[in-house]
Amino acid sequence: MKRFSRDQMAARVARDIPEGAYVNLGIGLPTMVANHLPRDREIFLHSENGLLGMGPAPAAGQEDADLINAGKQPVTLLTGGAYFHHADSFAMMRGGHLDFCVLGAFQVSRTGDLANWHTGAKDAIPAVGGAMDLAIGAKSVFVMMDHQTKSGASKIVERCTYPLTGVACVNRIYTDLAVIDVTPEGLRVVEIVEELSFEELERITGVPLVRASSPAMAH
Amino acid sequence: MKRFSRDQMAARVARDIPEGAYVNLGIGLPTMVANHLPRDREIFLHSENGLLGMGPAPAAGQEDADLINAGKQPVTLLTGGAYFHHADSFAMMRGGHLDFCVLGAFQVSRTGDLANWHTGAKDAIPAVGGAMDLAIGAKSVFVMMDHQTKSGASKIVERCTYPLTGVACVNRIYTDLAVIDVTPEGLRVVEIVEELSFEELERITGVPLVRASSPAMAH
Amino acid sequence: MIDKTVSTPAAAVADIPDGATVMIGGFGTAGMPSQLIDALIDQGARDLTIVNNNAGNGEVGLAALLKKKRVRKIICSFPRQTDSYVFDSLYHAGEIELELVPQGNLAERIRAAGAGIGAFFTPTAYGTPLAEGKETRIIDGRGYVLEYPISADFALVKAEKGDRWGNLVYRKTARNFGPIMASAAKCTVVQVREIVELGAIDPEVMVTPGIFVQRVVGVDVADALTQPQAAA
Amino acid sequence: MIDKTVSTPAAAVADIPDGATVMIGGFGTAGMPSQLIDALIDQGARDLTIVNNNAGNGEVGLAALLKKKRVRKIICSFPRQTDSYVFDSLYHAGEIELELVPQGNLAERIRAAGAGIGAFFTPTAYGTPLAEGKETRIIDGRGYVLEYPISADFALVKAEKGDRWGNLVYRKTARNFGPIMASAAKCTVVQVREIVELGAIDPEVMVTPGIFVQRVVGVDVADALTQPQAAA
């Protein structure tokens with residue numbers, strides 16, 4: 001079966017982010033979205049450790065230990081960017097001022113519940129960071145993840161079995177097989193990878209899906 | 001009967017404010033305290049409209065409409081002072097970071113309830129400003145007021161008849177007749193104007209008073 | 001390229017509808033966005049709810065807006081001033097609704113709206129008439145009142161400098177309600193003395209990042225100070 | 001004359017008692033007050049409750065404090081990191097208590113302590129295991145969790161510049177928890193790269209006014225970066 005590559009997924013997310021958007025890209029896969037944002041489009045990247053207008057990684061040797069992102073990697077600040085403290089930074093998120101958050105996930109439920117911080121393993125040390133703030137911290141929350149686990153189980157589920165990060169918070173899911181909106185009418189398929197039918201996608205996903213109304217969107 | 005003048009009252013309050021104190025002086029009579037703070041003592045005046053390190057009024061012609069105090073009068077900023085927004089300014093107060101607030105009052109009760117924002121007159125337009133924030137906004141709340149109303153009624157009362165500004169918030173009362181602490185044991189007289197006896201003060205006040213334990217303090 | 005600058009105050013407030021809740025910055029006249037208020041008066045929106053610390057001075061700015069009977073309700077901490085006669089007469093005539101809020105609770109409620117806080121327990125006003133009918137709670141032996149956020153459709157704010165991304169710095173105590181109101185409104189409109197190039201505001205010094213600002217309009221302050229308020 | 005400067009990190013932390021709650025600034029190593037932490041290790045206080053976003057890296061700073069078994073409990077959002085093996089082994093051995101708090105709730109709870117807020121309703125963590133046992137409420141159709149302030153006996157903070165009144169500015173993202181922790185502790189101790197004259201920090205630019213700071217100690221950062229952490 002053909003699948004979207006990670007770069008294709010990141011490019012697909014980037015396409016949905018318009019000029020002028022305020023965006024937080026979560027750690028891991030979502031970080032790749034930054035590489036696909038067109039340079040001529042002014043987009044404001046937020047990092048929850050107190051940074052708005054985040055630029056690309058600095059050149060080697062130009063790293064500044066006081067200028068890092070939420071993943072604790074060295075970054076730069078664009079002209080026009082700003083620094084602020086943690087309470088102000090999370091107020092920005094919780095207050096709904098970000099247009100988009102893009103997050104990784106273990107599972108997303110049919111109603112948009114998100115599980116992405118803890119596998120529930122008993123001996124695992126729990127660590128949440130900003131995950132729960134990000135989950136509720138944007139007008140639109142996008143999830144980027146593989147459609148299935150390595151063992152082939154669907155990560156889109158009727159009900160999350162992993163501990164939740166947020167309830168009914170996901171708006172759109174980008175996987176290596178499809179782009180799916182979480183809507184009041186159910187999971188609506190916006191796009192499917194080539195050579196995969198809606199019926200086959202629904203079988204792999206294991207929960208009911210809804211066809212997009214526009215015939216141009218899903219094939 | 002001899003009474004403390006307003007200047008004497010202000011000087012008496014000033015004596016109780018040590019170097020390094022963070023202080024908010026309320027509108028009206030308390031403002032006079034600033035004139036009596038010794039110049040060699042570094043004291044930090046806070047104004048709730050977003051100012052710490054407030055200096056004296058500017059020379060005529062030097063007024064700046066953007067640099068005013070809570071009474072909307074032109075002021076100056078000392079070297080080392082700071083500006084901040086209203087939420088930060090009231091956080092400073094509510095969070096207990098000020099050492100002293102000095103406020104005027106209509107009435108103070110035996111248990112330190114304060115009434116200073118509204119006479120309760122039915123046709124009066126209510127206006128509270130920062131009064132209620134100031135009442136709870138310092139480690140020690142000092143009240144400066146005449147001991148009696150113009151008609152001779154005590155302003156220190158068993159229970160306030162005017163609408164309250166704050167409950168059990170006053171620590172010390174400076175009047176034109178005495179200095180009185182609000183303590184768990186009752187109103188303890190720290191100082192009385194010359195030629196007035198404790199008994200006479202208690203009669204005028206109309207609520208039970210307690211003698212200071214130190215004989216040097218009350219006569 | 002993102003450019004939030006707008007050419008005139010009139011254009012900046014053109015879409016404020018009847019019935020809108022509008023925050024107006026300023027403490028007294030410091031930080032009062034006079035040109036935006038005048039533009040709002042000219043624009044004609046009515047049935048407004050206004051959030052401001054005061055209720056207008058003399059017959060200019062907010063007082064002028066009140067005088068034209070455009071305001072249904074005002075949320076403020078200190079309506080009564082020596083020169084608040086416009087508000088006073090409307091209030092006595094029952095022609096305006098007043099929600100009186102202690103100044104620090106007003107600031108914190110606005111901040112809460114901007115910060116996504118659903119409600120908070122504040123010690124201010126506990127045990128007073130302004131807490132009547134409100135939920136209270138004793139926490140660690142201290143009394144608190146539950147207060148809810150105040151948000152707005154529009155905020156009109158005055159700042160010192162702004163750039164095309166909407167980044168702002170203020171001047172002295174004119175900062176007052178500007179930063180929190182900017183965070184609490186769906187659409188924040190800012191009049192600045194000077195529009196500066198992107199990068200002219202040091203990122204360490206920025207008070208309001210552009211994320212909180214939708215429109216910036218340059219206003220010549222020299223004009224503002226000398227020109228009589230047309231709408232009064 | 002008020003002079004909050006202290007000559008050495010050791011003197012600045014000398015009176016932190018056993019059992020104290022100590023906030024430590026920093027996000028990872030940015031803003032981490034390493035010299036103050038080392039001084040605290042040398043000082044010997046134990047049975048501490050530490051508030052920090054993380055739970056230490058490698059074997060220096062906070063990790064070194066943990067390794068010496070001085071910490072009874074840690075309140076943080078993200079203890080597990082690639083190099084958090086000191087914490088990991090203590091946790092698995094049941095030798096340290098962990099209160100896990102989502103990062104934004106951690107920041108807001110610290111801010112609430114500094115701002116005198118008794119408790120607040122936050123949407124973060126609603127419906128998740130981290131809200132279990134906590135009071136919840138639906139406000140305007142959205143679920144919220146009631147969270148309480150986190151205050152401390154001491155805060156150890158790193159800033160860029162400070163003056164004798166305790167006024168501070170920070171550097172880039174090293175600002176992170178500094179300003180809010182400074183507001184939430186009874187005694188805030190700050191290590192700065194440079195002690196400056198009063199007036200050297202512009203009043204418009206000051207991030208932490210001295211009211212929140214009790215002690216300032218100058219630390220040579222060049223030393224700090226090159227010198228091996230003695231206490232590790």
Side-chain angles (χ1 to χ4, degrees), chain A residues 17-24 37-55 64 66-67 75-101 130 132-139 141 166-167 169, chain C residues 1-5 23 107-120 149-153 155 159 161-170 178-188 195-216:
Chain A
I17 298 179
E19 176 144 49
Y22 292 89
V23 183
N24 187 302
L37 296 171
R39 301 215 169 168
D40 62 349
R41 214 185 276 171
E42 284 191 335
I43 286 170
F44 308 102
L45 296 183
H46 171 265
S47 188
E48 59 266 36
N49 57 315
L51 189 57
L52 187 65
M54 183 166 65
D64 182 335
D66 285 343
L67 181 43
V75 293
T76 53
L77 187 76
L78 300 181
T79 297
Y83 302 115
F84 31 82
H85 64 57
H86 250 74
D88 280 351
S89 185
F90 282 83
M92 222 173 256
M93 296 156 68
R94 198 190 307 108
H97 303 284
L98 295 178
D99 297 297
F100 302 95
C101 266
M132 290 183 179
D133 306 281
L134 288 161
I136 57 93
K139 295 189 187 89
V141 173
V167 176
C169 56
Chain C
M1 196 181 94
I2 295 301
D3 186 358
K4 298 183 181 179
T5 62
M23 292 180 171
E108 190 68 10
R109 290 174 66 186
I110 294 168
R111 192 249 172 207
I117 298 298
F120 60 90
I150 300 174
S151 59
D153 300 304
K161 294 178 187 178
D163 63 29
R164 66 179 174 85
W165 282 6
N167 295 311
L168 305 177
V169 289
Y170 301 82
I180 50 174
M181 285 184 171
S183 77
K186 287 191 202 85
C187 180
T188 294
I195 291 179
V196 297
E197 287 298 303
L198 205 64
I201 302 177
D202 182 338
E204 299 282 9
V205 169
M206 210 172 279
V207 175
T208 297
I211 190 171
F212 297 122
V213 174
Q214 280 67 45
R215 298 171 195 165
V216 179

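All values below come from the heavy atoms of this structure, side chains included, with hydrogens, waters and symmetry mates left out. Residue numbering restarts at 1 for every chain, and letters A, B, ... go by the order of the sequence lines.
- With A/His97 contributing its side chain and C/Gly114 its backbone, the two residues share a donor-acceptor pair below 3.5 Å.
- With respect to the salt-bridge test (charged N to carboxylate O, under 4.0 angstrom), the residues C/Asp153 and C/Lys186 qualify.
- Between chain A and the residues C/Ser183, C/Gly116, C/Ala112, C/Pro149, the most heavy-atom pairs under 4.5 angstrom are made by C/Gly116.
- For A/Tyr22, the part lying near chain C is the side chain, with the backbone staying farther off; criterion is any non-hydrogen pair under 4.5 Å.
- Among residue pairs with one or both ends in residues 91-101 of chain A, those qualifying as salt bridge (charged side-chain N to carboxylate O under 4.0 Å, His left out) are A/Arg94-D/Glu108, A/Asp99-A/Lys139; sequence neighbours excluded.
- When each of C/Arg111, C/Met1, C/Glu197, C/Lys4 is scored by its heavy-atom pairs under 4.5 Å with chain A, the top score falls to C/Met1.
- Residue pairs meeting the salt bridge (charged side-chain N to carboxylate O under 4.0 Å, His left out) criterion with at least one partner in residues 198-216 of chain C, sequence neighbours excluded, are C/Asp15-C/Arg215, C/Glu204-D/Arg175.
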